[in-house]
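One structure below.
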Amino acid sequence: MKQLRGVLIAAGAALIASGCAVGPNYKRPPFVAAPAFKEQDGWKPSEPADTLARGPWWSIYHDDVLDGLESRVAISNENIAASAAQVEEARALVLQAQASFWPTLSVSTSLDRTSSGGGSGVVIPSGGSGGAGFTAAGASTRNIYTAGASLDWGLDIWGQVRRNVENARATAESSAAALAAAQLSAQAQLATDYFELRSQDQLQILLNDIVAADQRALNITQARYKVGVAYKADIVTAQTQLLSAQAQQVNAGIQRATLEHAIGVLVGTQPAGFSIKPTSLATSVPTVPPGIPSMLLERRPDIAEAERNMAAANAKIGVAIAAFFPSLTLSGSIDYSGAVFDKLIRASNRVWSFGPSLAETLFNGGARWAQVVESRAAYQTSVHDYRQTVLSGFQQVEDELVTLRVLEKQAVIEDELVKASREAETLTLNQYKAGTVPYSRVISAQTTRLASEETALNVQLSRLTASVAL
């Protein structure tokens, strides 16, 4: 009992000592953010602040079709499902690491049949009528039954297990952030593809109008030719213009179909069974104020993922350093051995042992030191990755802010240009009817109008996609 008491006291002292863990405690490296965004100064959002979404960010666009599609991304998208499975895997690894805090208890049982004595060389059956085996004449056989249990408990004196748990937990949190980033990426890609598809719908409307206008111009030219006030070349030119517009009209369907297929895949549906009814592109572009830079650090999942990777790498340093110190294990066992199974569990058959064991590697060619150097270098790599992720995040916000600000001004100019080009086309066509200008002027006016309409449409699309990115 005195020996057992001493062992328990030593174990208790070891547990008290295990309150400290070797290796550096994690502290997030400082990153001084600018007090404000450079490209936001003096910029007034084009929509009132009450348009800001209180729930899913895409609801700010007030598009029921987009809302329905976005709600299906997290449920059906296979990439997100794979990321979610990785999160579950990482959480299981946390439980696996935590299991090392506890002792391992094992039980075992066995049956051995032994023979001794007998030198006549005569072999007779043994084991009765079952013919279980053979023994030499004069030999004695017996069954030996054993049953026992053993316990091994590696005490976490130097915090190696705790550092492993820290690493696993930070990795799991990093996986959760990666899942959030995957969801956000898929949602943003869906919104971008959706607005590009609506842009193709709007382009189809525009080309339908252009084809109708070219057809009217051809009809006018043919009527003027019949009365002798137009040339045959004017008819050919008008036909060429009409055919060109019709070719663009047909080709526009290719890009729309491709975008529709991409959206179907994003929501986890086969393209063959997925379709979106055509409609026009949104005319209003809500702009989302990004807040202050320090808030951005807390909001972006890619930055959270990089920060958690730092914490995981920091914990690995402690794991590597703990390998320099001896390991203490408490081991105990109790075994029963006897020839009669019914009377196996009794004091006379019992053998037990209990005590600590200390192990230390004296030389391994510098492998442990190399592991420490490796883990420190991996941590520094994660620090630089984190800071680069933060810088990239700030850059992306600044890029979208300046894009929205400049495109907002350009959109005003493009709208005026569209109005002017439409009026110029109408006036030029009237002048052609009156015979005061050649038909080439009509073609020029139509071409200018189409180009201005397409440019205005592209600017509108760019504003919407920049708003999504922001």
Side-chain angles (χ1 to χ4, degrees), residues 20-34 37 79-80 82-98 100 156 158-186 188-189 293-325 361 364-400 469:
C20 61
V22 297
N25 293 322
Y26 175 70
K27 185 178 181 181
R28 188 177 68 185
F31 191 100
V32 181
F37 289 103
N79 290 331
I80 294 178
S83 296
Q86 290 174 350
V87 172
E88 292 302 319
E89 178 185 359
R91 288 172 178 170
L93 291 176
V94 174
L95 298 177
Q96 181 178 329
Q98 290 174 334
S100 298
D156 189 30
W158 315 111
Q160 187 175 41
V161 175
R162 271 165 293 154
R163 294 303 190 195
N164 270 323
V165 172
E166 286 178 18
N167 171 263
R169 184 177 289 116
T171 301
E173 291 167 348
S174 174
S175 296
L179 171 60
Q183 289 177 326
L184 184 60
S185 177
Q189 186 61 55
S294 59
M295 292 174 58
L296 180 68
L297 291 176
E298 302 172 357
R299 191 166 68 213
R300 289 179 61 113
D302 57 342
I303 294 177
E305 180 184 3
E307 190 274 333
R308 288 291 82 199
N309 285 336
M310 276 195 306
N314 182 82
K316 284 186 176 180
I317 299 176
V319 174
I321 293 177
F324 279 99
F325 298 91
T361 302
N364 62 357
R368 285 176 298 183
W369 177 249
Q371 289 172 351
V372 173
V373 174
E374 177 191 5
S375 59
R376 289 188 184 278
Y379 172 72
Q380 290 300 321
T381 299
S382 67
V383 171
H384 296 305
D385 289 343
Y386 166 73
R387 288 175 173 164
Q388 185 59 46
T389 303
V390 174
L391 287 173
S392 298
F394 288 157
Q395 177 190 355
Q396 290 166 359
V397 173
E398 297 281 12
D399 289 347
E400 303 310 331

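Quick caveat, the model's predicted, so the values are computed rather than measured.
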Exercise. Flag the pair Arg300 / Glu305 as yes when at least one side-chain heavy-atom distance between them is below 4.5 Å, and no otherwise.
Key: no
Test log, rule side chain to side chain donor-acceptor pair (under 3.5 Å), inputs Asn309 and Ser174: CA-CA 6 Å; Asn309 285 336; Ser174 174; 2.7 Å; yes
Between Val161 and Ser100 the two heavy atoms that sit nearest each other are CG1-CB, 3.7 Å
Separation between CD (Glu374) and OG1 (Thr381), nearest 0.5 Å, reads 10.5 Å
Rounded to the nearest 0.5 Å, the CD1 atom of Ile303 sits from the CG atom of Leu391 at a distance of 9.5 Å
request  = Would you please test Gln96 and Arg91 for side chain to side chain donor-acceptor pair (under 3.5 Å) and show each step?
outcome  = CA-CA 9 Å; Gln96 181 178 329; Arg91 288 172 178 170; over 6 Å; no
Of all heavy-atom pairs linking Val87 and Ser175, the shortest is CG2-O, 3.3 Å
* **Within-4.5 Å side-chain heavy-atom neighbours: Ser375 and Val319** => no
Without swapping roles, check the side chain of Asn167 against the backbone of Arg163 for a donor-acceptor pair under 3.5 Å. no
Closest heavy-atom pair, Ala312 versus Thr171, reported as atoms and distance to 0.1 Å, is CB-OG1, 3.6 Å
query: Can you check whether Phe325 reaches Gln160 side chain to side chain, under 4.5 Å on heavy atoms?
result: no
In this structure, OH of Tyr379 is separated from OH of Tyr386 (nearest 0.5 Å) by 10.5 Å
- Task: Please examine the side chains of Leu179 and Ile80, heavy atoms only from C-beta on, and report whether any two atoms are closer than 4.5 Å.
- Result: yes
Smallest heavy-atom separation, Ser382 atom then Ala313 atom, equals OG-CB, 3.8 Å
For Ala306 and Thr389, the nearest pair of non-hydrogen atoms, with its separation, is CB-OG1, 3.9 Å
Mutual orientation of the aromatic rings belonging to Phe31 and Phe394 [parallel < 30°, tilted 30-60°, perpendicular > 60°]:
tilted
(Q) Looking at Asn79 and Ala182, would you say the former's side chain and the latter's main chain have a donor-acceptor pair under 3.5 Å? (A) no
To the nearest 0.5 Å, atom CD of Glu307 lies from atom CZ of Arg387 at 12.5 Å
Hey, is the main chain of Gln388 close enough, under 3.5 Å, to the side chain of Ser392 for a donor-acceptor pair? yes
Between the CZ atom in Arg376 and the NZ atom in Lys316, the distance rounded to the nearest 0.5 Å is 15.0 Å
Between the CG atom in Asn164 and the CD atom in Gln98, the distance rounded to the nearest 0.5 Å is 11.5 Å
* Polar side-chain atom of Asp156 near backbone of Arg162 as donor-acceptor pair, under 3.5 Å -> yes
Between Ala172 and Ala90, the two heavy atoms sitting closest are CA-CB, 3.5 Å
inquiry  = Evaluate Phe324 against Thr361 for side-chain contact (heavy atoms from CB on, under 4.5 Å), listing each step before the verdict.
reply    = CA-CA 8 Å; Phe324 279 99; Thr361 302; over 6 Å; no
Verify side-chain contact (heavy atoms from CB on, under 4.5 Å) between Ile321 and Trp158, making sure each step is shown before the conclusion.
CA-CA 9 Å; Ile321 293 177; Trp158 315 111; over 6 Å; no
